[in-house]
Amino acid sequence: MIFPENFVWGAATASYQIEGAVKEDGRGQSIWDTFSHSPGNVADGDTGDVACDHYHRYRDDVALMRELGLAAYRFSIAWPRIQPDGRGKVNPQGLGFYSRLVDALLAADISPYVTLYHWDLPQALEGEGGWTNRDTAYYFADYAQAVHEKLGDRVAHWTTLNEPWVAAYLGYGNGVHAPGRRRAADAMRSAHHLLLGHGLAARRLRSLGAENIMLVINSAPVLTPAQVNDPQATPDAADAAAVHRIHTLLTRQFLDPARHGSYPAEVLEAAARNGGTDHILDGDLEIINAPIDQIGINYYNPCVVEAGPGSPVDPAWPGSEDVRFRTADAPTTAMGWPIVPDGLSRLLVRLSQDYPGVGLMVTENGAAFDDVVTDGRVHDTDRVAYLEGHLREVHRAIAAGADLRGYLVWSLLDNFEWAEGYRRRFGIVHVDYETLARRPKDSALWYRDVIGRNGL
Ligand code: GBH
């Protein structure tokens, strides 16, 4: 099973999940510092204070990437390292770190894929309303410019946002993520301002000469329980409506504005019933509809729903009043997430049809399992099976005509898994949190061979 020539193989991480060094070189506070240090928010009271100490160990980590043969490394930039207050003065030391990282990657023949926002908003901006405040979108574009001015001569691949659905609905809706606010109306407003920030930043980057601009979303095929194991199953009208509703809230809410310049009617109706639509101004959709080059898809599992009232409605899902969330009949990972590899091909084929004219990339895919170290090795056969199963589906989607440009494993390293802390391990490289030693798991060695062969 050979992949196309120039197919991009890589791995992904995010700043707060790996860097540590939260008080070094002038870094300001982010909402994840505040949130993780407030008791009750993160499992075991874990924080990103040290994380994988990547800030100090990045050279070793790049050497490891080179050994694995990665062609691309997707990482994110901590906005509060660049602008400690979220706006105004730029911190040269913060830019310096990413500049050294980029140089190390290029010297190792690895293309840097820079994500500008993977959830660590400067706390100073949260103090002014965070993403519920429209100004944040404009500050985000200024920040994007500051980063591009330093790295634009060497970085060819730019991502504005990682998973705006998660940032808005888990951050401001059900409060599972920072900043831990819990109001459906705030989440819907934040979603719009994140999209506005995406559009402003994409336009700004383009005006500065950037050529490969991407928006990364967490998407999923939305399926009825019967469809999980039988793609041919045909839901009745009520179940089909529930499926369509959740697909609209999860995926169309972001890609319709970004690619078609319009919101789905169902999203506007949900906003009207949750705080109103006054925050959506004339001209916003035109800004959001900025030209982009790729859509990044982070896929972990399908979303399984059927008709019937969810009780009570999760503030992460305003507009889902007639929908009941179900669990899939499938084996699960340590996160409790169902393993449904062909969900990925179903999703990719659909998105390539609904949103033509841009490349697609799997920007995250992977799994947490309860890894054990035995005799210095981690025999993570479950992770190898997960990755292999999903790569087969990527190949299948390409054969079906989807314009897939690459695949990035989540994650290079075990890391700070947000509200789950360090107890959930997604890495293909094991991290010993006592010594911070790295140890490639069997999955890393397997992935190296896949890359070497350009296929399975
Ligand atoms: C990604 O997000 C992140 O980008 C990454 O930082 C993270 O470490 C990685 O995945 C692993 O978690 O149906 O309401 O229960 C995860 C995307 C979206 C997956 C929300 C779980 C559950 C939504 N997540 N989804 S709900």
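Start at 1 and go down the list; that is how both ligands and their atoms are numbered.
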- ligand 1 to Phe426, heavy atom cutoff 4.0 Å, flagged ligand atoms 11 (C), 12 (O)
- A student checking ligand 1 against Asn162 at a 4.0 Å heavy-atom cut-off should list atoms 4 (O)
Applying a strict 4.0 Å limit to heavy atoms, is [X] in contact with ligand 1?
X	result
His118	yes
Gln17	yes
Trp418	yes

Note the single closest protein heavy atom to [atom], along with its residue, its atom name and the distance in Å.
atom	value
atom 18 (C) of ligand 1	Val166 CG2, 3.7 Å
atom 9 (C) of ligand 1	Tyr300 OH, 3.3 Å
atom 25 (N) of ligand 1	Trp337 CZ2, 4.9 Å
atom 20 (C) of ligand 1	Trp165 CZ3, 4.0 Å
atom 12 (O) of ligand 1	Glu417 OE2, 2.6 Å
atom 5 (C) of ligand 1	Glu364 OE1, 3.5 Å
atom 2 (O) of ligand 1	Glu163 OE1, 2.8 Å
atom 26 (S) of ligand 1	Trp317 NE1, 4.2 Å

- Task: Classify the side-chain pair Tyr73/Asp61 by whether it contains a donor and acceptor separated by less than 3.5 Å.
- Result: no
- Query: Strictly by modelled atom types, are Ser76 and Ser15 linked by a side-chain donor-acceptor pair under 3.5 Å?
  - Reply: yes
- Query: Would one find an N or O of Trp119, backbone or side chain, under 3.5 Å from an N or O of ligand 1?
  - Reply: no
- Aromatic rings Phe325 and Trp317: how do their planes relate, parallel, tilted or perpendicular, breaks at 30° and 60°? tilted
- Query: Between Trp165 and Tyr169, what is the ring plane arrangement, given parallel below 30°, perpendicular above 60°, and tilted in between?
  - Reply: parallel
- Item | Asp380 and Arg425 ion-paired at < 4.0 Å | no
- Query: Less than 4.0 Å between a side-chain N and a carboxylate O, is that true for Asp33 and Arg27?
  - Reply: yes
- Might you check, step by step, whether the distance between atom 14 (O) of ligand 1 and some protein heavy atom is under 4.0 Å? yes
Side chains of [X] and [Y] in contact at under 4.5 Å (non-hydrogen atoms):
X	Y	result
Phe75	His54	no
Ser320	Asp314	no
Met188	Thr277	no
Leu195	Tyr263	yes

